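Proteins come first, then strands; the chains are lettered A, B, ... in the order of their sequence lines, and each starts at number 1. Keep in mind that what you see is a predicted model, and the values were worked out from it rather than measured.
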Amino acid sequence: MSVLILAEQKKGKLVKASLGVMNIGATIASKMGTDYNVLLIGEGAKDAAAAAVNSGAGKVFVAEGDKVATYMDELWADITLDVANTAGATVVLGLATTQGKAVMPRVAAKLDAGMASEITGVTDDLHFIRPVYAGNLNAEVEITTEKKVATVRGTAFEPIAEGAAAAIEDVAIAADPAGYNKAFVKLEETVSDRPPLTEAAVVVSGGRGLKAAENYKIVEELADLLGGAVGATRATVDAGWIHNDYQVGQTGKIVAPDLYIAVGLSGAIQHLAGMKDSKVIVAINKDEEAPIFSVADYGLVADLFEVVPDLVQKVKAAKQG
Amino acid sequence: MKILVMCKQVPDPDIKVKLNADGTGINTDGMKFVVNPFDEIANEEALRIHEKNGGAEVVVLGIGPKDITTQIRSCLAMGSNRGIHVVTDDVIDPDNVARIIQKVMDDEKPDLVLIGKQAVDDDSGQAGQILSALTGYPQACYASEIVLDDGKTKATVTREIDGGLETIDVNFPAIITADLRLNEPRYASLPNIMKAKRKEIKALSLDDLGFTPSPKVKLISLTAPPERQAGVIVKTVDELVDKLINEAKVI
Ligand SMILES: Cc1cc2nc3c(=O)[nH]c(=O)nc-3n(C[C@H](O)[C@H](O)[C@H](O)COP(=O)(O)OP(=O)(O)OC[C@H]3O[C@@H](n4cnc5c(N)ncnc54)[C@H](O)[C@@H]3O)c2cc1C
Ligand SMILES: Nc1ncnc2c1ncn2[C@@H]1O[C@H](COP(=O)(O)O)[C@@H](O)[C@H]1O
């Protein structure tokens, strides 16, 4: 009996949300009276392990080498399954990223375990709390199988506090990447100097009110001034104004920064689902009836093309002053 | 080739759901139900493959109570060939959904299963991946583009992932989950709506499939999260900057 966390890394850097999953993993382990282990897979896993090791975990398993040079859902799932079985894991947790969400249901299926998606809490009897209906309701669910699998919402838990150093253990990979009837073709990465949307302390999102792709520079300027990330709505991604990676919402990314500035977006149910847990919300919209104002701490009813450039100037002045 | 597409009935996503009086479920009084938007996209894609790649039979599968035939019919009105309705009043979790699809696949032997990336009621996003794990057929999740090869033996799929777009090849039979940018579903034309009324929807019970539901996830309770209160409307940019610096202290 133990808890296993499939953490994530990119090019040797631990994905920060992994630490939040380790936090809830450690909590669950202590409720169960057992310990928790961490698994990192792929090129750079060993480097990333350094950031996960001083965490009170039992072990940090590392699966590296030629076999995992290229990412594949099936392969990651099978490695996780093998480690879960050898470590005697009864609870397996992953991140609620596109990777974790693609991998963990496979792990659940093969463990014959029930799975809860995007959990935001856990009760003493190990029931999970998770938002449903675009976050309009919270469900408490019981996984009735002995083994339990979940993905964990990145905004829900603080990073785990520093703890005793874990032992790092190499994993021998049994799976054959060529055996999955699928092949990698290419990866087009979005490049940005801004902080990742899900990790930024400030997010400035622009909606259809921006009118055209080139007007994203208006929100970008504000985001850069505040050291923040840029976000978007489904409408602007669909329109091709900005990459899908920036969609905030029920079916995009869930964010909860210290400051969320919503510019020219209406605040549809699906958008609110992705940002309503932000600490401070500012809404700028020319329509005073826009639903975004119902969740905003500060609302400004105005034309964004007039006030956002002005806001940039005044924040600049205040910063220098 | 044969394509199996899913059809789940969900509450209209643009209406905010409310709890029923005893908190055991949602208030469905006067509620409008629709096809899960991601399933509509999956249906549309199957039809486009049919149109682009020299013909495909498109079979729509829905699992749920009697009244979901309305949604299966809307998928048929888009142009799909026939429907299968696994009739059950039981609450079916994603694991059991996948197992039921697998049973139907044993019989139908589709080359491709197109399924939504997530049902917008339970927001689980699991069924497609579980189905792939159970069948051993490759998965391509979060598809924004699907291109078939000439021999219709595989698909090249572009996936919307964190950090960009990934392209992969999956050999058929394959399981592909549809994301928002895959296409914009068509509206059913009046003639097609009329035609759909005569299309076959085969009703199957769980017994017919030899399947006993054994949900792995049980709903204990539903609660409404605390509502966020609206704050103040500021009049000017100066006032906003002042509030952000001195009151909220976020700048
Ligand atoms: C299955 C499904 C999933 C979805 N998932 C998501 C999701 O994850 N994320 C998401 O965001 N949406 C999602 N949506 C879409 C959502 O329902 C809305 O359609 C979308 O969020 C609207 O985007 P918007 O606010 O940019 O556009 P609109 O709703 O058109 O709002 C534009 C706003 O800009 C304001 N405006 C216009 N001009 C100006 C100006 N000059 N100055 C100031 N304000 C101005 C207008 O008053 C208006 O309020 C989903 C929908 C479905 C069906
Ligand atoms: N009752 C159902 N009937 C048909 N398809 C379903 C059903 N439930 C889920 N699905 C399919 O599985 C996908 C993912 O659902 P979920 O894992 O519940 O988010 C949905 O988009 C549908 O395509």
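Distance CD1/B:I130 to CE/A:M115: 7.5 Å, rounded to 0.5 Å. Expressed to the nearest 0.5 Å, how far CD of A:Q247 lies from CG of B:L180 amounts to 5.5 Å. One distance of note links NZ of A:K186 with CD of B:E166; it measures 11.5 Å at 0.5 Å rounding. Atom CZ of residue A:F128 and atom CD1 of residue B:I220 lie 12.5 Å apart, to the nearest 0.5 angstrom. Remark: A:T145 OG1 to B:K218 NZ distance equals 12.5 Å, nearest 0.5 Å. In this structure, A:L137 CG and B:K18 NZ are separated by 10.0 Å, a value rounded to the nearest 0.5 Å.
The environment of NZ in A:K319 is crowded: more than 12 heavy-atom neighbours from other residues, nucleotides or ligands sit within 6.0 Å. The 12-atom threshold is exceeded at NZ of B:K2, counting heavy atoms of other residues, nucleotides or ligands nearer than 6.0 Å. Under a cut-off of 6.0 angstrom, the local environment of CG in B:D67 is crowded, with over 12 non-hydrogen atoms contributed by other residues, nucleotides or ligands. No more than 12 heavy-atom neighbours from other residues, nucleotides or ligands sit within 6.0 angstrom of CD on A:E146.
Looking only at atom types and distance, the side chain of A:S117 has a donor-acceptor partner in the side chain of B:Q126 under 3.5 Å away. Judged by distance alone, the side chains of A:D73 and B:Q129 never bring a donor and an acceptor atom under 3.5 Å apart.
Contact annotation for A:A302: neither backbone nor side-chain heavy atoms come within less than 4.5 Å of a heavy atom of chain B. Neither the backbone nor the side chain of B:L131 comes within less than 4.5 Å of any heavy atom of chain A. Interface remark: B:P215 contributes backbone atoms only to the contact with chain A (heavy atom separation under 4.5 Å). Only the backbone of A:A116 has a heavy atom closer than 4.5 Å to any heavy atom of chain B. Contacts between B:D93 and chain A at a heavy-atom distance below 4.5 Å are absent for every atom of the residue. If you measure heavy-atom distances from A:Q270 to chain B, the contacts under 4.5 Å come from the side chain alone. Only the side chain of B:F38 comes within less than 4.5 Å of a heavy atom in chain A; its backbone stays farther off. Contact of A:Y298 with chain B is made through backbone and side chain together, with heavy-atom distances under 4.5 Å. Residue A:V191: no heavy atom, backbone or side chain, is found under 4.5 Å from chain B. The contact between B:I233 and chain A is made by backbone and side chain atoms together, counting heavy-atom distances below 4.5 Å. Only the backbone of B:K235 comes within contact range of chain A, judged by heavy atoms closer than 4.5 Å. At a 4.5 Å heavy-atom cutoff, the contact between A:K110 and chain B is made by side-chain atoms alone. If you measure heavy-atom distances from A:L311 to chain B, the contacts under 4.5 Å come from both the backbone and the side chain. Only the backbone of B:T236 comes within contact range of chain A, judged by heavy atoms closer than 4.5 Å. When heavy atoms are compared at a cutoff of 4.5 Å, A:E74 approaches chain B solely by way of its side chain, counted from C-beta outward.
When each of A:I129, A:I143, A:N136 is checked for heavy-atom pairs under 4.5 Å with chain B, A:N136 comes out on top. The greatest number of non-hydrogen atom pairs below 4.5 Å with chain B, out of A:D245, A:V132, A:V282, is found for A:D245. Of the listed residues B:D122, B:L19, B:D95, the one with more heavy-atom pairs under 4.5 angstrom with chain A than any other is B:D122. Interface summary for chain B: among A:T198, A:D258, A:D238, the most heavy-atom pairs under 4.5 angstrom belong to A:D238. When each of A:M104, A:K314, A:K10 is scored by its heavy-atom pairs under 4.5 Å with chain B, the top score falls to A:K314. Counting heavy-atom pairs under 4.5 Å between each of B:E227, B:K154, B:K117 and chain A puts B:K117 at the top. Chosen from A:A77, A:A102, A:A134, the residue pairing most often with chain B at heavy-atom distances under 4.5 Å is A:A102. Each of B:L165, B:I251, B:L222 has some count of heavy-atom pairs under 4.5 Å with chain A, and the biggest count is that of B:L165. Comparing B:V170, B:V17, B:V241, B:I245 by heavy-atom pairs within less than 4.5 Å of chain A, the highest count is held by B:V17. Across A:T144, A:N181, A:L187, the residue that shares the most heavy-atom pairs under 4.5 angstrom with chain B is A:N181.
Side chain of A:K182 to main chain of B:Y137: no donor-acceptor pair is present (N/O by atom type, distance under 3.5 Å, no hydrogens or angles). No donor-acceptor pair closer than 3.5 Å links the side chain of B:E160 to the backbone N or O of A:N244. Judged by distance alone, the side chain of B:T167 and the main-chain N or O of A:V185 form no donor-acceptor pair under 3.5 Å. Put simply, the side chain of B:R181 never gets that close to the backbone of A:G240: no donor and acceptor are under 3.5 Å apart. A distance-only check finds no donor-acceptor pair linking the side chain of B:Q229 to the backbone of A:A296 [under 3.5 Å].
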*Going through the distances and angles, do B:V120 and A:Q250 end up as a side-chain contact (heavy atoms from CB on, under 4.5 Å)?*
CA-CA 8 Å; B:V120 298; A:Q250 177 193 18; 3.7 Å; yes

*Starting from the C-alpha separation in whole Å, work towards a yes-or-no answer on side-chain contact (heavy atoms from CB on, under 4.5 Å) for A:R130 and B:S124.*
CA-CA 10 Å; A:R130 54 178 303 266; B:S124 288; 4.0 Å; yes

*asked:* Between B:D123 and A:Y133, does the side-chain contact (heavy atoms from CB on, under 4.5 Å) criterion hold? Intermediate values first, please.
replied: CA-CA 7 Å; B:D123 283 334; A:Y133 295 101; 5.8 Å; no

*Given the rule in the side-chain contact (heavy atoms from CB on, under 4.5 Å) test, do A:L259 and B:L244 qualify, once you have shown the distances and angles that lead to the verdict?*
CA-CA 9 Å; A:L259 175 61; B:L244 292 178; 4.2 Å; yes

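The residues B:D179 and A:R234 are annotated as not salt-bridged, no charged nitrogen and carboxylate oxygen being separated by less than 4.0 angstrom. Remark: A:D297 does not engage B:K243 in a salt bridge, criterion side-chain N to carboxylate O under 4.0 Å. In summary, B:D162 and A:K253 engage in a salt bridge, as defined by a charged side-chain N under 4.0 Å from a carboxylate O. Between A:D112 and B:K216 there is a salt bridge, since at least one side-chain N of the basic residue sits less than 4.0 Å from a carboxylate O of the acidic one.
In this structure, B:R99 and A:A109 approach most closely via the heavy-atom pair NH2-O, 4.3 Å. The two atoms that bring A:A139 and B:L219 nearest to each other are CB-CD1, 3.6 Å, heavy atoms only.
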